[in-house]
Protein chains: 4
Amino acid sequence: MLVEFAKNTPQPKIDEIVHLLDNAGCRVRSMHCYGHPVLRAVSGHINGQMRELQANSYIERIVDASTPWELVSRAYHQDDTVVQVGSARVGDRSEGLMMIAGPCSVESEEQILKAAHIVKAHGASILRGGAFKPRTSPYSFQGLEEKGLALLRKAGDTVGLPVVTEVLDAGDVDMVASYADMLQVGSRNMQNFKLLKAVGRSGKPVMLKRGMSAQLSEFLLSAEYILSEGNSDVVLCERGVRTFADYTRNMLDLNIVPLIRDTSHLPIIVDPSHGSGDRKLIEPLCMAALSVGAQGLMVEVHPDPDHSWSDSEQTITEAAFGELMGKLQHLDGWLNAESYTETNS
Amino acid sequence: MLVEFAKNTPQPKIDEIVHLLDNAGCRVRSMHCYGHPVLRAVSGHINGQMRELQANSYIERIVDASTPWELVSRAYHQDDTVVQVGSARVGDRSEGLMMIAGPCSVESEEQILKAAHIVKAHGASILRGGAFKPRTSPYSFQGLEEKGLALLRKAGDTVGLPVVTEVLDAGDVDMVASYADMLQVGSRNMQNFKLLKAVGRSGKPVMLKRGMSAQLSEFLLSAEYILSEGNSDVVLCERGVRTFADYTRNMLDLNIVPLIRDTSHLPIIVDPSHGSGDRKLIEPLCMAALSVGAQGLMVEVHPDPDHSWSDSEQTITEAAFGELMGKLQHLDGWLNAESYTETNS
Amino acid sequence: MLVEFAKNTPQPKIDEIVHLLDNAGCRVRSMHCYGHPVLRAVSGHINGQMRELQANSYIERIVDASTPWELVSRAYHQDDTVVQVGSARVGDRSEGLMMIAGPCSVESEEQILKAAHIVKAHGASILRGGAFKPRTSPYSFQGLEEKGLALLRKAGDTVGLPVVTEVLDAGDVDMVASYADMLQVGSRNMQNFKLLKAVGRSGKPVMLKRGMSAQLSEFLLSAEYILSEGNSDVVLCERGVRTFADYTRNMLDLNIVPLIRDTSHLPIIVDPSHGSGDRKLIEPLCMAALSVGAQGLMVEVHPDPDHSWSDSEQTITEAAFGELMGKLQHLDGWLNAESYTETNS
Amino acid sequence: MLVEFAKNTPQPKIDEIVHLLDNAGCRVRSMHCYGHPVLRAVSGHINGQMRELQANSYIERIVDASTPWELVSRAYHQDDTVVQVGSARVGDRSEGLMMIAGPCSVESEEQILKAAHIVKAHGASILRGGAFKPRTSPYSFQGLEEKGLALLRKAGDTVGLPVVTEVLDAGDVDMVASYADMLQVGSRNMQNFKLLKAVGRSGKPVMLKRGMSAQLSEFLLSAEYILSEGNSDVVLCERGVRTFADYTRNMLDLNIVPLIRDTSHLPIIVDPSHGSGDRKLIEPLCMAALSVGAQGLMVEVHPDPDHSWSDSEQTITEAAFGELMGKLQHLDGWLNAESYTETNS
């Protein structure tokens with residue numbers, strides 16, 4: 001159960017309610033969301049206090065999400081959340097196609113700058129590039145680390161694109177946040193709860209990638225960790241899951257996209273590069289992702305994919321990216337026009 | 001390795017080659033495909049005979065598919081196969097949207113006739129309806145059996161639609177084939193090899209549904225069973241797979257659609273009703289399936305879904321079906337126009 | 001809800017109750033189990049008739065299994081079922097180690113006879129050997145069919161062992177039953193319901209292997225199909241399931257063994273050959289299966305495994321089988337002594 | 001390829017070899033393992049230098065593990081590693097049954113002390129108890145944190161047992177290490193590479209739990225991260241994986257135990273509490289785990305399981321634990337005697 005106060009409610013007025021609920025045996029958690037003070041209490045115990053709460057003039061709403069995820073639920077917040085990432089707006093369909101693109105890893109100044117020019121030229125809105133790489137083997141390339149962040153920042157600034165990059169550890173959040181416009185929490189860290197709390201306190205937008213075998217509820221509860229620390233600028237990302245299938249690296253789960261749009265206000269984008277691990281599937285899966293309601297896409301693009309230091313098989317060339325963007329912008333335009341017609345008919 | 005003969009090659013000329021290969025230690029299998037006699041032999045042993053085979057004037061092609069599936073491969077047959085099902089043509093994009101629709105089960109004459117009128121009125125091309133139902137429990141409704149087949153046939157004839165229905169057992173193939181325009185082999189029977197052989201000899205088009213945890217290679221080799229019996233009228237159907245996910249009945253695997261279109265000439269359609277088990281996902285998943293290249297769709301529709309005897313949660317109403325068809329025809333038209341432009345540019 | 005009658009209840013007395021329940025709106029199914037007539041009706045509707053049923057002197061018990069599986073439940077039948085297979089008794093711990101062994105396929109008279117001598121010499125109780133092989137590819141060896149059955153029968157008779165072999169199709173049940181002491185329904189056919197019904201009417205013991213991604217409830221309901229046709233001689237077999245794991249052919253699921261023993265009276269055995277696909281895991285997994293409560297084991301043994309026509313990687317030699325049997329008999333003895341001590345202490 | 005130097009090789013002698021390999025184009029990593037300096041270089045480039053390396057008197061061994069995991073491989077280190085945890089020795093079969101037991105979470109001084117007395121009294125070797133809990137929901141109990149560590153330490157000292165507890169974040173390693181005898185890295189963090197590196201530098205033994213959908217190679221490469229930081233005191237723990245199965249919380253994978261024992265020198269233990277999530281499976285799965293070669297067990301025990309703050313369904317009582325330990329010690333003794341007989345025969 002969420003108790004939302006008016007934006008400028010004085011702290012003592014909130015404390016009174018905390019006290020009331022504490023005395024009633026509720027376990028209360030005090031949070032902020034979209035500028036409002038919010039108390040969260042277990043619904044079973046709060047019901048006896050309902051009359052008093054409803055009478056309190058500082059309390060604007062009492063919301064029973066009736067799902068384990070509360071702040072991220074549509075029951076709590078009905079409109080689609082739009083996440084501002086530098087100049088880009090994730091979740092705002094009126095902005096046109098939201099494409100996040102760039103190489104798997106930042107490899108050199110020349111490489112990331114070339115990649116930035118490519119993705120900018122063909123209409124991407126955000127530049128991606130990894131500087132801290134979560135690699136299965138300790139002997140694989142682990143990323144250029146802070147040097148890579150500086151190169152990514154510089155490339156983004158040069159072409160005029162905001163940048164997103166992965167942070168692997170709570171202890172690195174401030175440093176990464178000083179370079180990036182959006183922090184990525186990767187699949188392997190979807191339930192690294194210390195990291196979720198840290199990015200929740202970072203003041204930066206967060207892209208949360210789904211874990212390799214995460215249930216819908218686990219995915220949304222990981223987002224809830226971030227919101228419960230006061231940060232509602234969260235973009236969800238479906239990137240394929242691990243199943244029995246041996247013919248693709250992962251199985252892209254498009255079922256989850258409309259389910260999440262139904263139950264949560266957070267924007268969800270799709271990453272078909274990791275979701276298939278196969279270059280030739282990028283285009284059809286991007287088309288499918290938009291059709292199913294994804295609010296954006298993330299694709300790995302490299303000036304020279306065959307010499308990419310990581311994820312080579314799933315990375316596309318400039319030519320392929322250009323062709324892809326043409327088709328996707330066309331489809332996105334058509335889908336937007338469709339839904340416009342539909343809304344007004 | 002496949003050795004294809006000219007259509008009217010005299011049997012003794014084929015026998016000569018069989019003899020030659022037998023003597024060379026090949027295990028040879030004699031088949032027919034698209035009207036051509038075809039011999040299949042293990043490639044390792046055939047290579048020594050290549051010169052003689054190439055010199056034989058009755059032999060038109062020698063094809064090394066280099067995949068375990070051979071007759072179903074694009075290496076063997078490059079053009080998309082079109083499967084004629086009564087008046088409908090599955091796999092022919094120029095025909096517009098290919099929609100197969102109808103109830104999970106035939107329940108009564110009134111129900112199946114109503115359903116037939118509904119799906120016909122909104123543009124479906126083939127009527128579906130189960131008379132032999134594979135049910136997890138022996139105590140669940142098992143279908144109306146032959147009586148249901150007769151009702152389905154009558155409903156199809158009344159509204160002018162070909163019909164598809166499931167056959168559960170090799171011993172039932174002739175009987176079911178006497179009523180249906182296309183035989184469905186269900187997920188649970190994808191590796192019922194006796195049934196695959198029987199439908200391969202039935203002379204009827206076959207819709208082969210993917211097994212619940214079938215790999216791509218297993219799916220195509222099950223189709224190969226049917227083709228190797230002389231029947232190349234096979235429609236593949238992706239219908240979701242079983243994974244760890246607990247929020248949908250199955251996980252629809254759209255990754256496999258473009259992979260199959262790449263490696264096989266057989267048409268592939270998508271069944272989002274079973275692929276999700278959730279009514280509210282039917283529309284977005286249908287859109288996604290078309291976008292990813294599926295050549296048709298199969299959807300469960302019932303005059304009164306909430307009183308459907310089976311699969312109620314995933315079945316949609318006439319109103320929902322009508323709205324769905326409007327959107328899908330629009331998208332299909334747009335996708336076809338796109339690919340037309342693309343081809344000619 | 002199951003209504004069990006005394007063994008020799010006259011049919012008219014049963015018909016009276018069927019009539020009573022029909023009139024009360026129950027859907028009633030008439031069956032036989034362990035020699036008793038049994039009616040099965042949906043519990044919701046039967047409750048109003050309870051007083052009358054309880055007063056009926058022919059009715060011995062009314063059992064609410066409270067699980068979807070009823071005849072196979074311990075609620076219905078509390079003692080462990082023992083299945084007599086020729087001279088062997090599956091499920092009877094006092095008989096010592098129950099080992100079913102032999103080659104994947106019957107390949108020749110010499111091969112199956114050698115194999116029979118080997119498994120007999122080292123203490124196996126039942127000889128296995130496939131004559132109808134479910135193979136992924138139509139071009140793989142499909143078994144010697146009826147000729148193979150005759151060879152298997154002869155080998156069993158020669159060494160004095162009952163034989164078990166797979167039947168793939170309802171239409172073959174009578175023929176296979178004329179050679180075999182127990183009919184195997186394989187993983188791919190666990191939900192081939194026509195086949196389940198046919199073996200249920202065959203009068204022969206049935207070994208039902210778990211499907212590759214079958215839930216516990218699906219496994220037991222497939223067994224229920226067989227019992228509901230009047231055949232309670234069913235042996236369940238866990239043989240590994242399909243998961244994400246890429247380092248073994250299947251993942252042996254030992255969790256399910258004690259769960260099945262808890263909820264069902266049917267004996268369950270374990271097949272580590274298919275459950276791992278790896279020779280070197282056979283011994284530890286056999287040990288584990290006995291420890292977890294399995295009532296028998298099935299292992300692939302071949303006179304010359306490296307030249308086995310199928311499943312070579314998971315098949316063991318005579319030497320390995322001999323060593324294995326020594327250890328297992330020792331462990332089995334120890335486990336039996338333990339549980340004897342426990343029961344009497 | 002691993003190049004192992006004699007224990008007291010002077011640094012300049014090592015540097016010479018690093019220089020040699022650098023010049024040959026190898027990417028070289030300098031490590032320590034079991035007190036030896038070790039260089040790791042990609043095998044492709046090192047071969048040209050082999051003669052010079054073999055002639056170097058400081059180099060004791062050059063090992064090509066031929067697996068992606070190198071330091072953890074049996075190719076590199078043939079004997080079973082024994083990990084000393086306070087007074088306990090994990091991996092040393094001569095010590096008798098290795099049981100790690102205790103509650104899921106430290107809840108209070110009284111609770112953890114009671115639990116410690118229980119597990120000590122019945123023969124456990126190490127006390128477990130969580131103070132930092134990785135919980136799916138931000139609103140669930142997150143553990144008593146440092147206060148919990150102090151209580152755990154005190155309870156262990158009081159009864160004379162070493163303690164193991166989970167660490168969630170690289171930033172907490174030093175603090176947790178100041179209380180614990182062994183650091184646990186949980187399933188959700190198996191690929192938290194910053195944490196792996198931090199525990200690798202901690203100087204404390206580490207228990208690494210398998211991730212929910214980790215392949216064998218990923219599990220061992222996560223261990224390799226720890227060893228490559230100089231810490232070879234690693235205990236692996238199989239705790240069940242996530243599959244399609246809906247009747248247990250996880251599926252315990254006993255296939256992996258003998259495979260890991262075959263390919264790695266690290267001890268592996270099994271946690272049936274998480275591996276099934278079901279109290280009634282603890283005993284049979286413990287028996288099976290020992291039978292399959294696990295070198296220890298971890299079980300959740302609580303003075304009052306039904307009022308446990310977490311994992312209540314899988315936690316057992318003192319009575320159940322006492323009975324369990326009796327059976328397991330008996331089986332363990334029998335298995336040890338067996339393998340002794342076998343070795344000497």
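Each chain gets a letter, A, B and so on, in the order its sequence line appears, and its residues count up from 1.
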Honestly, the part of C:T248 sitting under 4.5 Å from a heavy atom of chain D is side chain

One option among D:L285, D:D278, D:V257, D:T243 has the most heavy-atom pairs under 4.5 Å with chain C, and it is D:L285

Okay, C:L259 and chain D: the region with an atom under 4.5 Å from a heavy atom over there is both

So CG of C:L252 and CD1 of D:I256: to nearest 0.5 Å the spacing works out to 13.5 Å

Bottom line for C:L331: the part with an atom under 4.5 Å from chain D's heavy atoms is both

Applying a strict 4.5 Å limit to non-hydrogen atoms, the region of C:A214 in contact with chain D is backbone

With chain C, the option among D:L290, D:V241, D:D262, D:D246 that has the most non-hydrogen atom pairs under 4.5 Å is D:D246

So NZ of C:K327 and CG of D:L335: to nearest 0.5 Å the spacing works out to 10.5 Å

Taking every heavy atom of C:Q215 against every heavy atom of D:F244, the minimum-distance pair comes out as NE2-O, 2.9 Å

Residue from D:P272, D:S276, D:A245 scoring the most non-hydrogen pairs under 4.5 Å with chain C is D:A245

Heavy atoms of D:N255 and C:L281 approach each other most closely as O-CD1, 3.9 Å

Exactly one of C:D253, C:L254, C:V292 clears side-chain contact (heavy atoms from CB on, under 4.5 Å) with D:L254, and that residue is C:L254

